[in-house]
Number of protein chains: 2
Amino acid sequence: MDMTTKLTAAAERLFDRHGYMATGMDRLTEAAGMSSRTLYKNAGSKAALMARVLTERDRRFMARVEVRTVDALFAALEDWVRVEGCRGCLFLRSRAETGGDTPEIAEAVAAHKEAFHRRIGEVVATDLGREDPALAEQVLVLFEGATHAAVYRGAQTVSAAKAAAAILVARARS
Amino acid sequence: MDMTTKLTAAAERLFDRHGYMATGMDRLTEAAGMSSRTLYKNAGSKAALMARVLTERDRRFMARVEVRTVDALFAALEDWVRVEGCRGCLFLRSRAETGGDTPEIAEAVAAHKEAFHRRIGEVVATDLGREDPALAEQVLVLFEGATHAAVYRGAQTVSAAKAAAAILVARARS
DNA sequence: TGCAATGTAAAACGATCGTTTTACATAAGT
DNA sequence: ACTTATGTAAAACGATCGTTTTACATTGCA
């Protein structure tokens, strides 16, 4: 495991658990097991590190939602929260924490959310056999809602969203 | 307008727009138009101020969702985002920013989310004529999802959630 | 008139922030 | 054997953090 991977993984963990602003660089160097000199040589800055964390997380997330049905989409979310926990969307949280004023972060978030939105549209279209932007928007809302409600309601929100989506898709099909 | 009200209002605005951690006390004193001495005499600490902001916001929010139907619930959310904007849920954001490690904040968030969950259950029960916890969970997910998806998709997510909820309620009724 | 109360302005507190630098060790490549 | 790369440990940078304090002004009530 090279230094880049180790650093990115440690940073994602700390930023996700304690927040971006609340995580100091000293804690980061300790968790990554490297000196601050090496850290900065590798990451450039704290904001750039966060941007890289988000890009890597986007890669991992988007790989998990490469599915053909809406049902599989929420099954993927069930897996995701089982593996990653329920702390809300790190992308939206990063943007909110920085007020959208850190360009590198804001861009990574925008890119992810655009890709996510496009993917939902594709999944709905594949599942339904035709495009349905209105249904796609509802599925997106359910997905986002399950993610955030899970913070205080637990993983049951994902099955609730899955069931709701199934009803909406069935209705759109007939 | 007394000092307490002015301070709480200014704090809510800054915390909401720029984040809790990113907002310094100097910016707060300037926005509230008072010296730091008066501010601390009034608020005690930054965390206590945030807790007060959340309590006040809970009061304002809960007053807006004193409704009898699921449809009116999402109409209330439409009003809310028109007035307050789309920056996600300040309660979840505060908790995430502090990693849940600030008791005063964590408690205010927990209290709000519990009250919110109970209210959704009441609205669904009133609208449906009977309790339906599963439907209530779905409505909660749609509400939370509309709130957070609106950050990058705009207020249209609220009408999408409203339409989806109407379908789910109609189905539960028959 | 004089005493509290309540406010401001501003300096100071120690701590911590993100970042850079200095000084030194190790290991690989020619 | 000498250079280059890559790392550590630790001090230092100036800035900013949340908070307290000092010194002084204003106001309302006895």
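So that the names make sense, note that chain A is the first sequence line, chain B the second, and so on, each numbered from 1.
Checking B/Gly33 against A/Ala47, the closest nucleotide of DNA chain C that is more toward the 5' end is the one next to B/Gly33. Both B/Arg37 and B/Tyr40 lie near DNA chain D, and the one whose nearest nucleotide falls closer to the 5' end is B/Tyr40.
Within 4.0 Å (heavy atoms only), A/Ser45 reaches sugar-phosphate atoms of the nucleic acid but no base atom. Residue contacts for B/Gly44: at a heavy-atom cut-off of 4.0 Å it reaches no nucleic acid atom on any strand shown. Using a 4.0 Å heavy-atom cutoff across all strands shown, A/Thr23 reaches sugar-phosphate atoms only and no base atom.
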Taking distance alone, no hydrogens or angles, what donor-acceptor pairs closer than 3.5 Å link side-chain atoms of residues 30-40 of chain B to residues at least two apart or in another chain?
| from | atom 1 | to | atom 2 | distance (Å) |
| --- | --- | --- | --- | --- |
| B/Ser35 | OG | B/Thr38 | N | 3.4 |
| B/Ser35 | OG | B/Thr38 | OG1 | 3.1 |

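Comment: A/Glu144 engages A/Lys113 in a salt bridge, judged by a side-chain N to carboxylate O separation of less than 4.0 angstrom.
Side chains of A/Thr8 and A/Arg52: a donor on one and an acceptor on the other come within 3.5 Å. Between the side chains of B/Asp2 and B/Thr5, at least one donor N or O sits under 3.5 Å from an acceptor N or O. Looking only at atom types and distance, the side chain of B/Asn42 has a donor-acceptor partner in the side chain of B/Thr4 under 3.5 Å away.
Extent of DNA chain D lying under 4.0 Å from chain A heavy atoms, first and last nucleotide in 5' to 3' order, is D/dG7 to D/dA10.
Both the sub-6.0 Å distance and the 45° axial angle are not jointly satisfied by A/Lys162 relative to the ring of A/Phe143.
Rounded to whole Å, atom C1' of C/dA5 lies 10 Å from atom NZ of B/Lys41.
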